[in-house]
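These notes are about the structure you will find just below.
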Amino acid sequence: MRKVIVVGLGGIGGHVAEPLARYLAYSGSADRLILVDGDRYEAKNAERQKLHSGDAGRNKAEVWAARLAPAFPGLSVAAIGFYVVPGNVRDIVGDGLVVMLCVDNHATRNLVQERCLELRDVTLISGGNGYSDGNVQVYVKRRGRELTVPITKLHPEIEFPADRRPDEIGCDEEVFSEPQLIMANFTAAALMLNAFWSVMNAKEPAFGEAYFDVLTNQVRAFRRA
């Protein structure tokens with residue numbers, strides 16, 4: 001059984017989940033989709049995320065699993081309603097997986113990348129954005145051989161994160177978040193889906209990292225081999 005997991009169902013992950021499920025269901029490239037997020041919807045999320053009446057206060061992964069499972073009955077869809085943390089990362093991320101990493105903090109990116117380094121076969125596709133620009137990174141390992149560099153290689157902000165994972169932030173702490181643009185979320189999601197298709201259908205990854213800017217409508221891709 002080939003599995004794909006989406007970690008983070010927010011501004012980027014929420015736009016990845018449905019087209020990814022549709023592709024998996026009708027292409028036969030995987031038969032199990034696992035959605036992972038410990039966050040809950042808030043009314044303010046409606047600006048950039050698909051929020052239905054009654055979704056506020058509900059876990060994002062569970063909401064998306066409930067939406068996708070009946071829409072694509074040929075695809076097994078499951079939810080893990082917890083954040084990825086050191087205590088569960090080895091249970092969630094295993095050999096043979098494709099990991100679509102759609103989180104908004106470097107600490108979690110670093111944690112997942114470190115786990116992927118321990119594995120023999122894994123594909124990690126990570127996307128993130130600022131207000132109007134962002135990047136998508138691809139890390140592929142086959143039979144113990146790295147076909148692209150880790151996402152930390154040229155990004156010290158990921159290798160040595162100054163931020164914290166969501167589980168490390170107390171309930172009474174006020175967290176400052178940068179303003180987000182739905183167009184940038186859409187672009188990151190689209191490039192992640194493109195990367196997924198490319199990796200699944202090519203012997204070697206076509207690129208290791210792509211930068212985008214929605215203001216100038218430009219995308220620049222680099223191999224990072």
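These numbers come from a predicted model, not from an experiment.
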Query - CA sep, side-chain torsions, deciding dist, call: Leu35, Leu68, side chain to side chain contact (heavy atoms under 4.5 Å, CB included) - result: CA-CA 10 Å; Leu35 309 172; Leu68 298 177; 4.2 Å; yes
Report task. For side-chain hydrogen bond (donor to acceptor under 3.5 Å, both in side chains), just list the numbers for Tyr139 and Glu146, CA-CA rounded to whole Å, side-chain angles, deciding distance to a tenth of an Å, and then say yes or no. Result -> CA-CA 8 Å; Tyr139 174 70; Glu146 292 181 330; 2.7 Å; yes
Report task. Please report the C-alpha distance between Asp39 and Tyr83 in whole Å, then the side-chain angles of each, then the deciding distance to 0.1 Å, and finally whether the side chain to side chain contact (heavy atoms under 4.5 Å, CB included) criterion is met. Result -> CA-CA 7 Å; Asp39 198 12; Tyr83 293 117; 3.5 Å; yes
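A donor atom on one side chain and an acceptor atom on the other are found under 3.5 Å apart for Asn185 and Asn129. Glu159 and His106 share no side-chain donor-acceptor pair at under 3.5 Å.
Salt bridge Glu62/Arg58: absent, no basic N to carboxylate O contact under 4.0 Å. Checked for salt-bridge contact, Asp121 and Arg142 miss the test: no charged N lies under 4.0 Å from a carboxylate O. Ion pairing between Arg90 and Glu118 holds under the 4.0 Å rule for side-chain N and carboxylate O.
Within a 6.0 Å sphere centred on OH of Tyr211, heavy atoms belonging to other residues, nucleotides or ligands number more than 12. Annotation: Phe82, atom CZ; neighbour count of heavy atoms from other residues, nucleotides and ligands within 6.0 Å does not exceed 12. The number of heavy atoms from other shown groups lying within 6.0 Å of CZ (Phe222) is above 12.
Here the closest non-hydrogen pair linking Arg165 and Thr108 is CG-OG1, 3.5 Å. Heavy-atom minimum distance, Asn105 versus Pro166: ND2-CD, 3.5 Å. In this structure, Phe212 and Val219 approach most closely via the heavy-atom pair CB-CG2, 4.0 Å.
A side-chain donor-acceptor contact under 3.5 Å links Thr148 to the backbone of Val140.
Separation of atoms CG (Leu124) and CG (Leu119) is listed at 10.0 Å; rounding is to 0.5 Å.
Between Arg115 and Ile92, every side-chain heavy-atom pair lies at or beyond the 4.5 Å cut-off.
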